[in-house]
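Quick notes on the structure that follows.
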Amino acid sequence: MNPHAALFSQDPVLFHLVKDQPPLPERLPAKSIYDALLSSVISQQLSVKAAATIKARFLALFPETDPKPEWVQATPDEVLRSVGLSGQKAKYLKSIAAFKAAGNLEDDTIAHLPDEELILHLTQIKGVGRWTSEMVLMFTLNRPDVMPLDDLGIYNAMKKLYGFTAPLKEAKATLLELSQPWRPHRTLACRYLWKSLDNAPV
C-alpha cells in the first residue's frame, strides 16, 4: 500500500484513491522562480506536448538557451510570435523579464515569503495570476499545503471522486471544505488528484 495514504486517513475517499497508486516523490527538482514563471506562462491553455515544443523554440532564441531578462526584453515581439507564442504571451514574458531585471524575482529574497505574501508579490506582474503563483508554490518551491481552487483538473478529479455537480465557480466552497482534512498535505493530495486524471501541470 502507498505509505502516503496514511496522511489522508481522515478522508476515506482520498485514502482509497492514494493507497492504490505508486508513491509520488515528496519533493520536486528545484528551479528558479523566474524560470518557473516563464514556463508557466508559455504553458497556459496548451497541451503538455505543444507547450514543450514552444518552450524549446523560445529557449533556442537565446545564447546557451538562457533567457536572461535583458535578452527577453530586447527580443522583438514578432520574433517571440515566430516561435508560436501569442502576442499576449509575448508581452507577459517581457513583463516577467522586467520584474526580474528590476531585482524583484531574486530567489534568495522572496522564496522564504509566506504563501499568501508571495502570491501577492508575484501577481503584481502582468499576466501572472493567483493560479500561476500557486503552481510556483507547489512545483518550484515545494510548499506542502497549497490548494488551487481555480484549477480545472483538481475540480474535474474531485467532481468525479465526490460526485457533486456544481460548476467550478459555484463549487469552490465545496472544494475548500473537502480539502480541510488533507491539511497540511494538500499539495501532495492535489498531485495525486492530477495523476488520477493524467494531467498534472508542467
Side-chain angles (χ1 to χ4, degrees), residues 1-11 14-15 17-44 46 48 51-52 55 59 65-67 69 92-93 96 99-100 103-125 127-158 161 172 175-176 178-202:
M1 186 175 82
N2 185 337
H4 290 154
L7 300 174
F8 309 113
S9 58
Q10 292 186 51
D11 181 347
L14 189 65
F15 174 86
L17 175 76
V18 173
K19 78 179 177 65
D20 296 326
Q21 295 196 31
L24 292 171
E26 291 184 16
R27 292 187 67 80
L28 298 166
K31 57 183 171 181
S32 77
I33 294 172
Y34 172 64
D35 288 337
L37 288 171
L38 294 178
S39 295
S40 187
V41 166
I42 289 169
S43 301
Q44 284 170 5
L46 293 176
V48 171
K55 186 182 178 188
L59 293 177
T65 63
D66 181 6
Y92 291 166
L93 294 178
I96 294 167
F99 204 68
K100 170 72 170 174
N104 295 319
L105 276 182
E106 298 309 308
D107 290 52
D108 291 347
T109 308
I110 65 171
H112 69 281
L113 291 174
D115 291 359
E116 287 300 324
E117 281 187 39
L118 188 52
I119 288 169
L120 280 172
H121 182 72
L122 296 180
T123 52
Q124 295 176 79
I125 307 169
V128 175
R130 184 178 181 90
W131 178 86
T132 300
S133 303
E134 287 169 339
M135 295 305 106
V136 170
L137 289 173
M138 298 173 87
F139 289 93
T140 303
L141 299 179
N142 287 292
R143 295 290 174 89
D145 195 40
V146 180
M147 182 62 194
L149 296 175
D150 295 311
D151 189 88
L152 189 59
I154 295 299
Y155 164 75
N156 284 332
M158 291 180 72
L161 274 179
K172 285 184 186 180
L175 302 184
L176 187 60
L178 287 168
S179 75
Q180 295 307 311
W182 312 343
R183 288 178 178 272
H185 306 288
R186 290 185 296 175
T187 295
L188 187 60
C190 288
R191 290 175 56 214
Y192 279 108
L193 290 169
W194 277 313
K195 190 175 179 222
S196 75
L197 294 181
D198 259 347
N199 72 342
V202 174

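Worth saying up front: this structure is predicted, and the values here are computed from it rather than measured. Computed over heavy atoms, backbone and side chain alike; hydrogens, waters and symmetry mates excluded.
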Just wondering, do Val136 and Ser40 contact through their side chains at under 4.5 Å, heavy atoms? no

Would you check if the distance from the ring center of Trp131 to the ring center of Tyr155 is below 6.0 Å? no

On a heavy-atom basis, which atom in Ile96 and which in Val41 lie closest, and how many Å separate them? CD1-CG2, 3.6 Å

Side-chain contact test, heavy atoms from C-beta onward, threshold under 4.5 Å: evaluate it for Leu37 versus Ile33 and give yes or no. yes

Asp150 side chain reached by Lys172 side chain, heavy atoms, under 4.5 Å: yes

Compare all side-chain heavy atoms of Arg191 with those of Pro25 and state whether any distance is below 4.5 angstrom. yes

Go through the steps to decide whether Thr123 and Thr132 satisfy the test side chain to side chain contact (heavy atoms under 4.5 Å, CB included), and finish with yes or no. CA-CA 9 Å; Thr123 52; Thr132 300; over 6 Å; no

Can a side-chain donor-acceptor contact be found between Gln21 and Ser196 if the only test is distance below 3.5 angstrom? no

Can you tell if the side chain of Leu122 reaches within under 4.5 Å of the side chain of Leu105, non-hydrogen atoms only? yes

Does anything in residues 103-124 pair up under ring-ring contact (aromatic ring centres under 6.0 Å, His included), and if so which pairs, sequence neighbours excluded? Phe99-His121

Tell me whether the rings of His185 and Phe8 are parallel (<30°), tilted (30 to 60°) or perpendicular (>60°). perpendicular

Heavy-atom side-chain contact between Glu26 and His4 under 4.5 Å: yes

Sequence-distant partners of Phe15, ring-ring contact (aromatic ring centres under 6.0 Å, His included), two or more places apart: none

